[in-house]
Amino acid sequence: MAEVLVYVDHVDGAVRKPTLELLTLARRIGEPVAVALGNGAADTAAVLAEHGAVKVLTADAAEFADYLVVPKVDALQAAYEAVSPAAVLVPSSAEGKEIAARLAVRIKSGIITDAVDLEASDEGPVATQSAFAASYSTKSRITTGTPVITVKPNSAAVEAAPAAGTVEALTVSFSEQATGTKVVARTPRESTGRPELTEAAIVVSGGRGVNGAENFHLIESLADSLGAAVGASRAAVDAGWYPHSNQVGQTGKSVSPQLYIASGISGAIQHRAGMQTSKTIVAINKDAEAPIFDLVDYGVVGDLFDVVPALTEEINTRKG
């Protein structure tokens, strides 16, 4: 069976969930070969093997931490040349999509971004994408070169499938461009104790209808009752009610959770572009004509100041 390269997203050896989802998808089209780079790369092997990686290529060098994405592209290209894979899979984060695009240019291959499913075919992997605010699903296949595909988080269930996970050192020769952009400072993000927005299984978002930063505690309380991440519409962010890092939409973050709850969000196309692939969508809005209701699985026409606290209380009661 052909090998499939899987780029590993990890933090000091702790593998992030989207990578484990990629391994599940990779097994549909071949044998996963994981590529782990940077500090703690070797520590990822056990978890990767547990989820299907037949081989783990690792490399650690100061360049991976001190500079931006080019050193990682150099390493992924080295892995590509060593393995000659049937496909290359990368998580659909902002960094992941840049790495994938640069690699595709280098190896003269086509690229598909933001896939939500993968399946095998005699002519190569077929990727499913959502388009036009989830009004359509498209199936696409790369026709030139080795397919490079980025996959959105929460697109597949994580499945354990123990494999050999043989660890091999990857030899990387860095290009002249690798040190062109240096990281000069890092500021740790303040932890809220909530899941990462783009990886969360449940997201609760608030919009213009929240009517002020002082009312976002209602959204946070509902999110905390569900163990969810908190999102915000562009209108809420532009008004200064919530940080841009939590914005869901075309100019914010793209999410694809199992459950998305939109509170006081009208459903403009800008917002829909960032959450349209959510598995189940619930909207709470007092305007029965709000565009968001065209997209939802369940809609509640009502004042969020009544509905959200009541929902939070009911959830906490059932949990208790």
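What's counted below: heavy atoms across the whole structure, side chains too, no hydrogens, waters or symmetry copies. Note that the coordinates shown come from a computational prediction; the quantities given were computed from them, not determined experimentally.
- Counting heavy atoms from C-beta outward, Leu48 and Val15 have side chains that approach closer than 4.5 Å.
- Residue Thr277 is tested with Ser137, Ser254, Ser130, Ser256 for a side chain to side chain donor-acceptor pair (under 3.5 Å); the sole match is Ser256.
- Atom CG of Leu37 is separated from atom CG of Leu76 by 7.5 Å, given to the nearest 0.5 angstrom.
- A chain of hydrophobic side-chain contacts below 4.5 Å, direct or via other Ile, Leu, Val, Met, Phe, Trp or Tyr residues, connects Leu259 to Leu304.
- Atoms CZ and OH, from Arg106 and Tyr80 in turn, are 13.0 Å apart once rounded to the nearest 0.5 Å.
- Distance check: Glu63 CD to Thr179 OG1 gives 7.5 Å after rounding to the nearest 0.5 Å.
- A salt bridge between Lys72 and Glu98 is absent, with no side-chain N of the basic residue lying under 4.0 Å from a carboxylate O of the acidic one.
- Residue Leu20 holds its CG atom at 11.5 Å from CG of Leu25, rounded to the nearest 0.5 Å.
- Residue pairs meeting the ring-ring contact (aromatic ring centres under 6.0 Å, His included) criterion with at least one member in residues 158-188, sequence neighbours excluded: Phe64-Phe174.
- A side-chain hydrogen bond (donor to acceptor under 3.5 Å, both in side chains) check over residues 230-245, counting only residues at least two apart or in different chains, returns the pairs Glu220-Tyr242, Arg234-Asp238.
- Taking all atoms of both residues into account, the shortest heavy-atom contact from Asp114 to Thr150 is N-OG1, 2.9 Å.
- Contact check for Val90 versus Lys97: no side-chain heavy atoms found under the 4.5 Å cut-off.
- Scanning both residues, Ile107 and Val148, for their nearest heavy atoms gives CD1-CG2, 4.0 Å.
- For Leu57 against Ala79, the heavy-atom pair with the smallest separation is CD1-CB, 3.9 Å.
- Here Glu31 does not pair with Lys55 in a salt bridge; the nearest charged N to carboxylate O distance is not below 4.0 Å.
- For the residue pair Asp74 and Ser175, a side-chain donor N or O sits within less than 3.5 Å of a side-chain acceptor on the partner.
- Rounded to the nearest 0.5 Å, atoms CG (Leu311) and CG (Leu222) are 5.0 Å apart.
- When only modelled atom types and interatomic distance are considered, Lys279 and Asn154 share no side-chain donor-acceptor pair under 3.5 Å.
- Summarising the geometry of Gly165 relative to Ala49, their closest heavy-atom pair is CA-CB, 3.6 Å, with the distance given to 0.1 Å.
- Summarising the geometry of Val73 relative to Leu103, their closest heavy-atom pair is CG1-N, 4.0 Å, with the distance given to 0.1 Å.
- Put simply, the residue from Gln129, Lys139, Arg28 that forms a side chain to side chain donor-acceptor pair (under 3.5 Å) with Asp117 is Arg28.
- A salt bridge links Glu159 and Arg27; the closest N-O separation between the charged side-chain nitrogens and carboxylate oxygens is under 4.0 Å.
- With rounding to the nearest 0.5 Å, the separation of CG in Asn285 from CG in Asp303 is 9.5 Å.
- Ala86 and Ala2 get closest at one heavy-atom pair: CB-CB, 3.6 Å.
- Counting only heavy atoms from C-beta outward, the side chains of Val35 and Val6 never approach each other to under 4.5 Å.
- Side-chain atoms of Ile99 and Glu95, non-hydrogen and from C-beta on, do get closer than 4.5 Å to each other.
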Criterion salt bridge (Lys or Arg N to Asp or Glu O under 4.0 Å) on Glu196 and Lys253, from CA distance to verdict: CA-CA 11 Å; Glu196 166 63 31; Lys253 291 182 177 178; 3.6 Å; yes
Can you give each donor-acceptor pair under 3.5 Å made by side-chain atoms of residues 261-271, sequence neighbours left out, with the distance rounded to 0.1 Å?
residue : atom : partner : partner atom : Å
Gln270  : NE2  : Thr251  : OG1          : 2.6
His271  : ND1  : Val248  : O            : 3.0
His271  : NE2  : Tyr260  : OH           : 2.7

